[in-house]
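We're numbering straight along the sequence, starting at 1. A quick note: this is a predicted structure, and the numbers were derived from the prediction, not measured.
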Amino acid sequence: MVAAEYRNILIVKLKHLGDTLTTTPVIGGIRKAWPEARISYLVNPGSQPLVFYDPAVAEVLTVPREGGIMRHLRFIRELRRRRFDLVLELSGGDRGAFLAWASGAGTRVGYRPKRSRPLDRRMFLNRQVTSVVESKHTVEYHLDALRVLGAEPGFQPMRLFWPNEAGERVQDLLRAGGLDDGRAYAVVHPSSRWMFKAWRPEGNAEVADFLFEKLGLPVVLTAAPEPKELDFVRRVRAAMKTEPLDLSGRLALPELGAVIAGAKVFFGVDSLPMHMAAAVGTPSVVLFGPSGEHMWGPWGEGHQVLTKDFDCRPCGRDGCQGTKISRCLTEIGADEVYPLLERAVGRE
């Protein structure tokens, strides 16, 4: 039984893009517990598109990164002016906890630090989540912030929305690339913000060729507009025998979501687009190396994770012995991926 009624709720997530997307099941949990509540989000600059278009979200705020102390004081006044009665601080950091306190909300939920210090976020929170993130999926960890309030969210899917114009631009790009309306395709997103999570370019090329030659699915390549990721995609293309539609670096986040939503299958690694595939219900085949799939794997049904059975994984390190190369990824063979792709598209 929910112990209190909340009308004006702020979700705080000051982390990376994928981290932000994994908080979206909390929106469904809030709607279940407090159907009439107004929901706002506070995120880092750049993360807004992941929650801005959600019809359940009334407002998206971003923390100031420039402007000095006066800009930050004005921002705090803006928070207080909104009169939140509940803040869910899902970042697990001192800054988010301070902003929760500075908002003036009567109930401020956040995570208990692993190690206590004389000054830490506990002093800014009045309800603490005591579960350990390493013991469960990060989505469940976020939903625990509702459970400490007496709410029982149950299973909640991740959520991702985009404006009509993003979907229309995607259709134009697909048509221009030879994929007419309704033609099935696969998305291959071979890179990651953290390149030690990426598989071999040659392996990605073999998988992309298999998707086209054996499963009849044209491949759409995607990547963030970062030089290291675009260079990685060029290496994948150079190793391919077939010709993909290369949209790497050309898509804004809403458009990337729309491309993945229209795909028959998604293939990639631990990354934001993997979470996008889970959010839009596109079956995915995902390779995991140094990061733990029990915490960060695709959320929900219809997804498959492939790993190497190494005793040392998941280590959470940036490659073996600091090399930025993860053997638990590089030693995966393309032939291990093929059966999972066949299963994902119903060709077993």
Main-chain N/O of Trp194 paired with Ser192 side-chain donor or acceptor, under 3.5 Å: yes
Heavy-atom side-chain contact between Gln304 and Arg343 under 4.5 Å: yes
Glu293/Arg313 under salt bridge (Lys or Arg N to Asp or Glu O under 4.0 Å): CA gap, chis, key distance, verdict: CA-CA 10 Å; Glu293 65 278 7; Arg313 70 159 306 275; 2.7 Å; yes
Side chains of Pro153 and Pro25 in contact at under 4.5 Å (non-hydrogen atoms): no
Side-chain touch Pro190/Val269, heavy atoms, less than 4.5 angstrom: no
Candidate list Asn204, Val220, Ile260, Thr222, test side-chain contact (heavy atoms from CB on, under 4.5 Å), partner His189, passing option: Thr222
Phe212 atom CZ: more than 12 heavy-atom contacts under 6.0 Å: no
Side-chain donor or acceptor of His294 paired with backbone N/O of Ser135 under 3.5 Å: no
Within 6.0 angstrom of Lys264 NZ, more than 12 heavy atoms from elsewhere: no
Heavy-atom closest pair, residues Tyr185 and Val187: CE1-CG2, 3.9 Å
Side chains of Ile76 and Leu99 in contact at under 4.5 Å (non-hydrogen atoms): yes
Sub-6.0 Å ring centroid separation between Tyr111 and Tyr141: yes
Arg95 atom CZ, neighbour heavy-atom count above 12 within 6.0 Å: yes
Between CZ on residue Arg235 and CG on residue Leu230, distance to nearest 0.5 Å: 13.0 Å
Close side-chain approach of Leu251 and Val259, heavy atoms under 4.5 Å: yes
Main-chain N/O of Thr107 paired with Arg127 side-chain donor or acceptor, under 3.5 Å: no
Nearest non-hydrogen partners of Ser47 and Lys15, listed with the distance: OG-O, 4.1 Å
Verify same cluster id: Val280, Leu247 (apolar side-chain graph, 4.5 Å): yes
Arg82, CZ: over 12 other non-hydrogen atoms inside 6.0 angstrom: yes
Test of ring centre spacing under 6.0 Å for Trp299 and Phe155: yes
Check: Ala105 main-chain N/O paired with Ser103 side-chain donor or acceptor under 3.5 Å: yes
Test item: His16 side-chain N/O and Gly18 main-chain N/O as donor-acceptor pair under 3.5 Å: no
Smallest separation among heavy atoms of Ala258 and Val170, with atom names: CB-CG2, 3.8 Å
Working for salt bridge (Lys or Arg N to Asp or Glu O under 4.0 Å), residues Arg74 and Glu78: CA-CA 6 Å; Arg74 287 195 297 270; Glu78 284 295 306; over 6 Å; no
Arg159 with Asp54: basic N within carboxylate O range, under 4.0 Å: yes
Over 12 non-hydrogen atoms of neighbours within 6.0 angstrom of CZ in Phe52: no
From Ile27 atom CD1 to Ile9 atom CD1, the distance as rounded to the nearest 0.5 Å: 11.0 Å
Under 3.5 Å: donor-acceptor pair, side chain of Asn126, backbone of Arg108: yes
Hydrophobic cluster identity match, Val337 and Phe210, side-chain contacts under 4.5 Å: yes
Name of the residue among Val12, Thr62, Thr23, Leu61 meeting side-chain contact (heavy atoms from CB on, under 4.5 Å) with Tyr41: Thr23
Nearest-0.5 Å distance that lies between atom CG in Leu215 and atom CG in Asp209: 12.0 Å
Contact check, side chains of Leu253 and Leu272, non-hydrogen atoms, under 4.5 Å: yes
Salt bridge (Lys or Arg N to Asp or Glu O under 4.0 Å) assessment of Lys136 paired with Asp144: CA-CA 11 Å; Lys136 59 180 63 179; Asp144 281 347; 2.7 Å; yes
Sidechain-backbone polar pair: Arg175 side chain, Asp180 backbone, donor-acceptor under 3.5 Å: no
Residues Lys214, Glu342: salt bridge by 4.0 Å N-O rule: no
Gap separating the CZ atom of Phe84 from the CG atom of Leu79, nearest 0.5 angstrom: 6.5 Å
Path from Leu221 to Val207 over hydrophobic side-chain contacts below 4.5 Å: yes
Sequence neighbours excluded - ring pair (Phe, Tyr, Trp, His ring centres under 6.0 Å) pairs with any residue from residues 272-291: none
Salt bridge present between Asp19 and Lys13 (N-O < 4.0 angstrom): no
Close side-chain approach of Leu42 and Ile11, heavy atoms under 4.5 Å: no
Closest heavy-atom pair and its distance - Val109, Ala145: CG1-O, 3.7 Å
Step-by-step side-chain contact (heavy atoms from CB on, under 4.5 Å) determination, Met295 to His137: CA-CA 4 Å; Met295 291 170 54; His137 197 283; 5.9 Å; no
Donor-acceptor pair, side chain of Glu165 and main chain of Gly167, under 3.5 angstrom: no
Aromatic ring proximity, centroids under 6.0 angstrom, Tyr6 and Trp34: yes
hydrophobic_cluster_shared for Tyr338 and Met240, side chain cutoff 4.5 Å: yes
Single-linkage hydrophobic cluster Ile325~Phe196, side-chain heavy atoms < 4.5 angstrom: no
Shortest non-hydrogen contact between Pro254 and Ala166, atoms and distance: CB-CB, 3.9 Å
Check: His303 side chain, Val285 main-chain N or O, donor-acceptor pair, under 3.5 Å: no
Beyond-backbone contact of Pro283 with Phe266, side-chain heavy atoms, under 4.5 angstrom: no
Charged N-O contact under 4.0 Å between Glu331 and Lys308: no
Side-chain (Arg147) to main-chain (Val129) donor-acceptor, under 3.5 angstrom: no
Gap separating the CZ atom of Phe310 from the CG atom of Leu329, nearest 0.5 angstrom: 9.5 Å
Verdict with supporting geometry, Arg38 and Glu59, salt bridge (Lys or Arg N to Asp or Glu O under 4.0 Å): CA-CA 9 Å; Arg38 183 180 190 273; Glu59 181 181 33; 3.7 Å; yes
From CA spacing to verdict: side chain to side chain donor-acceptor pair (under 3.5 Å), Ser91, Glu89: CA-CA 6 Å; Ser91 313; Glu89 204 299 300; 2.7 Å; yes
Reported CG-to-CG distance for the pair Asp270 and Leu287, which is rounded to 0.5 angstrom: 10.5 Å
Check ion pair Arg193-Glu226 (N to O, under 4.0 angstrom): no
